[in-house]
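Structure, as structure tokens:
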Amino acid sequence: MEDVGCEPDVITYNALINCFCKYEQMPKAFEFFLEMKNNGLKPNIITYSTLVDALCKEGMLQLAIKFLVDMRRVGLLPNEFTYTSLIDANCKAGNLNDALKLAKEMLQVHVDFNVVTYTCLLDGLCEEGRVNEAEELLRAMIKDGVAPNLKTYTALIHGHIKDKWMENAMGFLKEMMGKNIKPDLLLYGTIIWGLCSQSKFEECKLVMTEMKDCGISANPVIYTTLMDAYFKAGKTKEALNLMQEMCDMGIEITNVTFCVLVDGLCKTGLVQEANNYFSRMPEFNLQPNVAVYTALIDGLCKNNCIEDAKKLFDEMQGKNMVPDKIVYTALMHGNLKHWEFQEALNIRSRMSELGMELDLHAYTSWSGDFHKVA
DNA sequence: GTAGGGTTAG
């Protein structure tokens, strides 16, 4: 642009600054901020809002506030974008009270809430478990003439599901559909996650079908969530069918999928089956990670195959994988269970050396086993 | 040219 004598203007710089912000290159963004000022251009409300938002997302709230002061100094007042960025950042940092203070300030200076502002506040309330107030806010925005959209309802539905209010969540879904707003992959995923947590598999299947009919295909996370829920509910056959379905449909299989599969089979007592799947991982171009190893090691320990568990543990270390607290704990309990007293103590000291403190759960379990053996 | 929603494993 400069070569052909086309001078960049404020909009050009704003686009550029936004780009560097989005690609997490704040120093570059500030460089252009200074450059535009040096070129005699005045940063406007969009420039400042962009930078304030980026600083918020980088967790530099204090610096964002400084920019707010700076923009006021040059005669620019924060608008609904600036306020919404700050409100959202405070909500996500767990400072709901500060977010509410900012909202109050908006009212005082007559900057109206829009659908995004409301959604951020509503999500913040949900995150704190204040779902009733979130619902009140939904009613207030509608009364105020601001129409909630898909994202607003998703936040509200997610909040209710997280608080185990599945019925209410489904009520909001119905209300949303009544306004002719269609769920997308995110919302379907949220609903399936909720139904899984309550082992409502029939409803889950209905939702999966509905989703498919709408032309939205379930992603690997949704499949894995469902598979895990099937295993944990003792529905081994359904879980395995789902694995087959994933393969048939070309859904991406990851270490998480295998972890769920191996763990599920082990906890059902089907250690041999688990081992078979484990050996087949290279066919999927996968190298088992520590979590998958742990699932099988734990399964072997609990099914009287401590020697195989130890072999697997050595194999894992041979592949330069660093054992973590969870796998050490599984092996430690396995050894105790098999009266391998000294070995269990050795693992416990190794954990101490590595700075891995037993948490309350591991410790209670350790003491229990210890006394049994003693 | 600026702001908002979800989820999986040991």
Side-chain angles (χ1 to χ4, degrees), chain A residues 8-19 21-22 36 43-54 56-57 78-89 91-92 113-124 126-127 148-159 161-162 176 181 183-194 196-197 218-229 231-232 252-264 266-267 274 288-299 301 316 323-331:
Chain A
D9 63 4
V10 177
I11 298 182
T12 321
Y13 274 106
N14 284 350
L16 209 50
I17 289 169
N18 187 39
C19 248
C21 287
K22 293 292 177 297
M36 74 187 283
N44 64 10
I45 180 70
I46 298 183
T47 325
Y48 277 102
S49 293
T50 303
L51 289 170
V52 165
D53 184 61
C56 283
K57 290 197 167 67
N79 65 6
E80 66 269 40
F81 284 84
T82 336
Y83 274 114
T84 303
S85 288
L86 288 163
I87 286 175
D88 193 44
C91 284
K92 292 201 164 75
F113 294 8
N114 61 21
V115 60
V116 184
T117 322
Y118 274 114
T119 302
C120 291
L121 285 167
L122 198 147
D123 192 46
C126 284
E127 281 303 309
N149 61 20
L150 177 60
K151 290 179 184 181
T152 321
Y153 277 107
T154 302
L156 194 62
I157 289 169
H158 172 251
I161 292 177
K162 200 159 62 73
M176 185 193 90
I181 303 171
D184 64 355
L185 180 65
L186 257 74
L187 183 49
Y188 274 122
T190 305
I191 292 162
I192 292 167
W193 167 68
C196 278
S197 72
N219 63 12
V221 176
I222 293 179
Y223 272 101
T224 308
T225 306
L226 185 54
M227 192 196 289
D228 192 41
F231 273 124
K232 294 201 164 110
E252 190 197 8
I253 313 268
T254 64
N255 262 310
V256 183
T257 325
F258 271 102
C259 191
V260 166
L261 191 60
V262 169
D263 183 62
C266 282
K267 296 219 162 88
N289 63 12
V290 179
V292 184
Y293 268 107
T294 309
L296 191 53
I297 286 171
D298 188 55
C301 284
M316 187 186 91
D324 61 10
K325 192 164 119 178
I326 304 176
V327 70
Y328 273 125
T329 307
L331 204 59

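Below, chain A is the first sequence line, B the second, and so on; all start at residue 1. Any value given below was found using the heavy atoms of this structure, including those in side chains, with hydrogens, waters and symmetry copies removed.
Tyr118(A) meets the ring pair (Phe, Tyr, Trp, His ring centres under 6.0 Å) test with Phe113(A); sequence neighbours excluded. Looking at residues two or more places apart in sequence or on another chain, you find no ring pair (Phe, Tyr, Trp, His ring centres under 6.0 Å) involving Tyr223(A). Under the rule for a salt bridge (charged side-chain N to carboxylate O under 4.0 Å, His left out), Lys22(A) has no partner lying at least two apart in sequence or in another chain. Applying the salt bridge (charged side-chain N to carboxylate O under 4.0 Å, His left out) criterion to Lys151(A), with sequence neighbours excluded, gives no partner residue. Scored by the salt bridge (charged side-chain N to carboxylate O under 4.0 Å, His left out) test, Asp263(A) finds Lys267(A) as partners (sequence neighbours excluded).
Asp298(A) places its CG atom 16 Å from the P atom of dA9(B), with the value rounded to the nearest Å. A straight line from CD1 of Ile297(A) to C1' of dG10(B) spans 10 Å, rounded to a whole angstrom. The nearest whole Å value for the distance from the CZ atom in Phe231(A) to the P atom in dT8(B) is 18 Å.
Under the 3.5 Å distance criterion, with hydrogens and angles disregarded, no donor-acceptor pair is assigned to the side chains of Thr225(A) and Asp228(A).
Taking side-chain N and O atoms only, Lys232(A) has a distance below 4.0 Å to OP1 or OP2 of dG10(B).
Counting non-hydrogen atoms under 4.0 angstrom, Val292(A) reaches nothing in the nucleic acid.
In the interface, the side chain of Asp324(A) is paired with the base of dG10(B) through a donor and an acceptor atom under 3.5 Å apart.
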| remark: Expected string for nucleotides 1-6 of chain B under the B/S/- scheme (protein heavy atoms, under 4.0 Å, primed atoms plus P, OP1, OP2 as sugar-phosphate) is BBBBBB
